[in-house]
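These numbers come from the heavy atoms of this one structure, side chains and all, not from hydrogens, waters or symmetry mates. Predicted model only: the values in this text are computed from it and were never measured.
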Amino acid sequence: MTTPGPEGSTRADGWQVLVTGALLAVATLLFRIPVFLNAEALDSDITVVGLQAWHLAHGEFSLRLWGTDYQGITAPLAALLVETLLPVRPSLALALSSVLGHVVLVLALFGVLRRVVPLPLAALGAGCVAVCPEPLNYLTYSAFRIWSFTLVFLALYLGERAAGESRPRWHVLFAGLAGVAVGLGYYSDLFVLQFIPGLVLYLLWWTWSAARRPRWQALGAVLLGYVVGSIPRFRAHMKPPRLSEFSLSNLEQVWPLFWEQCLPYVTGAKLFASADGFQRPELRPEGAWFPLMVLGLGAFLLLVLGGALIALLPVADSAARRLAWCGAAWMGVSLIGFLFTGRAVDMMSARYLVPILLGFPLVAAPMLDRLVRSGRAAVGVALLLLLVAHFGVAGWRGYGGWIDGGRPHVTRYGSGEDEQALLAALQQRGVEAATGDYWAAYRLTYLWKEQLTVAPAHGSERYGPYQQRFASARRKALIFFPAIPVTPYKVPEPWEDNLRREGRHFERLTVGPYTALVLD
């Protein structure tokens with residue numbers, strides 16, 4: 001049974017909401033089965049989070065994620081919590097800690113949409129984020145960013161709770177908690193700066209429109225909460241991007257990348273799927289996927305444009321309008337930042353455009369609301385079903401080598417079998433520390449549980465003590481991995497020639513795709 005809720009929203013019986021939320025959570029988890037099966041394939045950027053979580057557990061505290069000045073330790077804390085509570089191997093706990101953040105995000109979005117549209121439309125709207133193209137999907141299991149997005153959506157949910165709360169004390173409390181969530185989200189990752197203008201617009205909208213509520217108290221609570229949530233960021237001395245990065249001259253350089261690769265990639269119009277974790281060749285549309293892609297993108301454009309136009313009309317539902325303006329600001333700021341900062345350098349820069357996907361359900365809310373009010377809810381259901389199907393296929397195919405014939409499977413790289421064999425061989429030869437490329441170093445150190453550390457000799461340095469261990473080791477090894485596209489640690493032959501010229505003795509060791517030169 002469904003009954004009208006405040007401000008035109010709908011409320012379903014409690015058990016229906018719980019069952020629907022549970023199904024959304026399960027669907028979000030099931031969609032990441034390829035990740036869970038191949039948890040050992042997670043890259044160095046991700047495994048740095050797991051490594052720092054272990055060091056946090058042993059009292060080595062820092063307010064920043066290793067090697068960054070723009071990310072906090074929310075992700076390592078989440079990884080530590082999951083690994084402590086769940087009896088699973090560390091790599092799986094690391095992946096779960098990120099995906100569970102995405103589950104919370106989806107449920108918060110569901111809770112927000114449920115206030116303005118009926119339960120089925122709210123579930124499908126959240127489903128557009130539960131299953132998603134690879135640029136966003138990658139961030140759902142990459143461990144270092146999703147919790148910042150989750151806190152943004154928790155702020156929205158708390159804001160909606162405040163907007164619908166008639167008791168002044170609870171109205172102010174929820175407003176304050178929304179501010180805390182925004183502050184913590186911005187601390188977690190300065191990427192959240194893209195969401196701040198939309199959140200400010202949203203929070204001002206509902207606090208100022210609350211004629212009979214303590215608007216000044218609520219606004220003050222939001223600001224105070226934001227300051228409280230920002231304390232870790234202040235103490236960590238994080239520096240936001242400089243306005244000087246914006247330049248019209250960047251547009252000419254970035255536009256081809258944006259139009260030909262990144263925008264199609266983030267919307268699922270093009271797929272770039274990895275077979276080995278590094279190279280991402282384009283997958284061409286085939287079979288039924290092409291018409292599904294066309295219909296899905298058509299539904300996406302229709303809902304975005306329709307929702308944006310209706311949001312401009314004062315006759316539209318006020319709750320849906322404020323959500324749409326918030327989502328539109330996310331999408332607009334994301335596009336401006338992408339095109340004019342020059343930070344986009346390759347296809348993987350599509351991740352900077354994920355606010356387009358996260359803001360979409362909010363922008364679509366006014367159109368979905370009008371369809372319901374005009375007795376055409378089935379049209380909204382059909383449009384969202386097309387989009388969920390399109391996003392689902394794009395995201396699933398985006399797993400690349402982790403699926404075979406549409407079925408998830410464990411790859412050799414994803415099992416970590418070769419890596420454990422390499423560890424055993426190096427330990428047998430008395431190797432105390434090793435070095436190699438960044439994309440191999442932290443991953444191997446994590447998979448080996450720091451029994452043998454690999455310091456990066458090429459690429460970013462995230463944790464200095466690993467270099468110190470390598471420098472002081474009595475017996476060392478150089479590790480080469482041919483799948484890494486550009487690195488001096490791709491093949492060992494040039495190094496062997498140099499070592500021979502220097503008269504140094506070494507032993508060559510090959511395990512799976514890895515080659516190690518053990519130095520005396």
Side-chain angles (χ1 to χ4, degrees), residues 25 28-29 32 35-36 39 42-108 138-155 157-158 177-193 195 225-239 442-443 445-447 449-450 460 462-466:
T28 305
L29 291 168
R32 275 81 199 178
V35 178
F36 302 145
L42 300 181
D43 64 36
S44 283
D45 273 354
I46 304 170
T47 50
V48 161
V49 173
L51 289 167
Q52 188 170 5
W54 294 343
H55 287 250
L56 285 171
H58 291 91
E60 191 176 322
F61 187 75
S62 169
L63 282 170
R64 294 183 187 175
L65 183 64
W66 283 352
T68 75
D69 59 1
Y70 58 91
Q71 290 176 311
I73 60 168
T74 308
L77 288 173
L80 177 60
L81 180 64
V82 172
E83 188 172 345
T84 301
L85 296 178
L86 298 181
V88 296
R89 64 189 190 278
S91 57
L92 180 55
L94 179 60
L96 272 170
S97 71
S98 188
V99 175
L100 289 174
H102 193 66
V103 170
V104 177
L105 184 158
V106 169
L107 293 178
Y138 171 76
L139 297 182
T140 70
Y141 61 81
S142 63
F144 55 85
R145 181 155 282 164
I146 196 63
W147 278 101
S148 62
F149 298 160
T150 301
L151 286 162
V152 167
F153 276 87
L154 283 175
Y157 175 73
L158 290 165
L177 291 175
V180 172
V182 175
L184 287 176
Y186 193 26
Y187 157 71
S188 299
D189 195 320
L190 297 193
F191 187 99
V192 167
L193 179 62
F195 297 90
Y226 177 75
V227 171
V228 171
S230 298
I231 289 174
R233 178 168 57 88
F234 296 147
R235 292 183 61 85
H237 304 291
M238 292 180 173
K239 298 179 180 179
Y442 290 104
R443 174 176 174 264
T445 301
Y446 181 76
L447 294 181
K449 301 178 182 178
E450 296 187 303
S460 302
R462 304 291 291 269
Y463 185 64
Y466 290 158

For residues 179-189, which side-chain donor-acceptor pairs fall under 3.5 Å, sequence neighbours excluded?
from, atom 1, to, atom 2, distance (Å)
Tyr187, OH, Leu63, O, 2.7
Tyr187, OH, Ile73, N, 3.1
Ser188, OG, Thr74, OG1, 2.6
Ser188, OG, Leu184, O, 2.8
Asp189, OD1, Phe191, N, 2.8
Asp189, OD2, Gln71, NE2, 2.9
Asp189, OD2, Arg145, NE, 2.7
Asp189, OD2, Arg145, NH2, 3.2

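- Under the 4.5 Å side-chain criterion, counting only non-hydrogen atoms from C-beta, Leu77 is not in contact with Trp147.
- With rounding to the nearest 0.5 Å, the separation of OH in Tyr442 from CG in Asp43 is 13.0 Å.
- Formation of a donor-acceptor pair under 3.5 Å by the Arg462 side chain with backbone atoms of Asp45 is not found in this model.
- Among residues two or more places apart in sequence or in another chain, the ring pair (Phe, Tyr, Trp, His ring centres under 6.0 Å) test is passed with Trp66 by His55, Tyr463.
- Counting all heavy atoms, side chain and backbone alike, Tyr446 lies closest to Pro90 at OH-O, 2.9 Å.
- Here the CD1-CG distance, from Ile146 to Leu100, works out to 11.5 Å after rounding to the nearest 0.5 Å.
- We find the OH-CD distance between Tyr466 and Glu450 to be 3.5 Å, quoted to the nearest 0.5 Å.
- Between Ser91 and Leu42, the shortest heavy-atom distance links the atoms O-CD1, 4.1 Å.
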Could you tabulate the donor-acceptor pairs under 3.5 Å formed by side-chain atoms of residues 81-88, not counting sequence neighbours?
from, atom 1, to, atom 2, distance (Å)
Glu83, OE1, Trp54, NE1, 3.1
Glu83, OE2, Trp54, NE1, 3.2
Thr84, OG1, Leu80, O, 2.7

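- A distance-only check finds a donor-acceptor pair linking the side chain of Arg64 to the backbone of Ala236 [under 3.5 Å].
- Proximity of a side-chain donor or acceptor of Ser98 to a complementary backbone N or O of Thr140 within less than 3.5 Å is detected.
- Applying the ring pair (Phe, Tyr, Trp, His ring centres under 6.0 Å) rule to pairs touching residues 72-98 yields nothing, sequence neighbours excluded.
- Residues passing the ring pair (Phe, Tyr, Trp, His ring centres under 6.0 Å) test with Tyr157, sequence neighbours excluded: none.
- Looking at Ser148 and Leu151, their side chains never come closer than 4.5 Å, going by heavy atoms from C-beta outward.
- Once rounded to the nearest 0.5 Å, the distance linking CZ of Phe144 with CG of Leu139 reads 6.5 Å.
- Taking a 6.0 Å sphere around CZ of Arg235, one finds it holds 12 or fewer heavy atoms contributed by other residues, nucleotides or ligands.
- In this structure, Gly50 and Leu94 approach most closely via the heavy-atom pair N-CD1, 3.7 Å.
- Arg233 and Leu190 make their closest contact through CD-CD2, 3.8 Å (heavy atoms, listed as atom of the first residue, atom of the second, distance).
- Take Leu447 and apply the side-chain contact (heavy atoms from CB on, under 4.5 Å) test, not counting sequence neighbours, and it matches Glu40, Glu419, Gln420, Arg443.
- In terms of heavy-atom proximity, Leu56 sits nearest to Ser62 at CD2-N, 4.2 Å.
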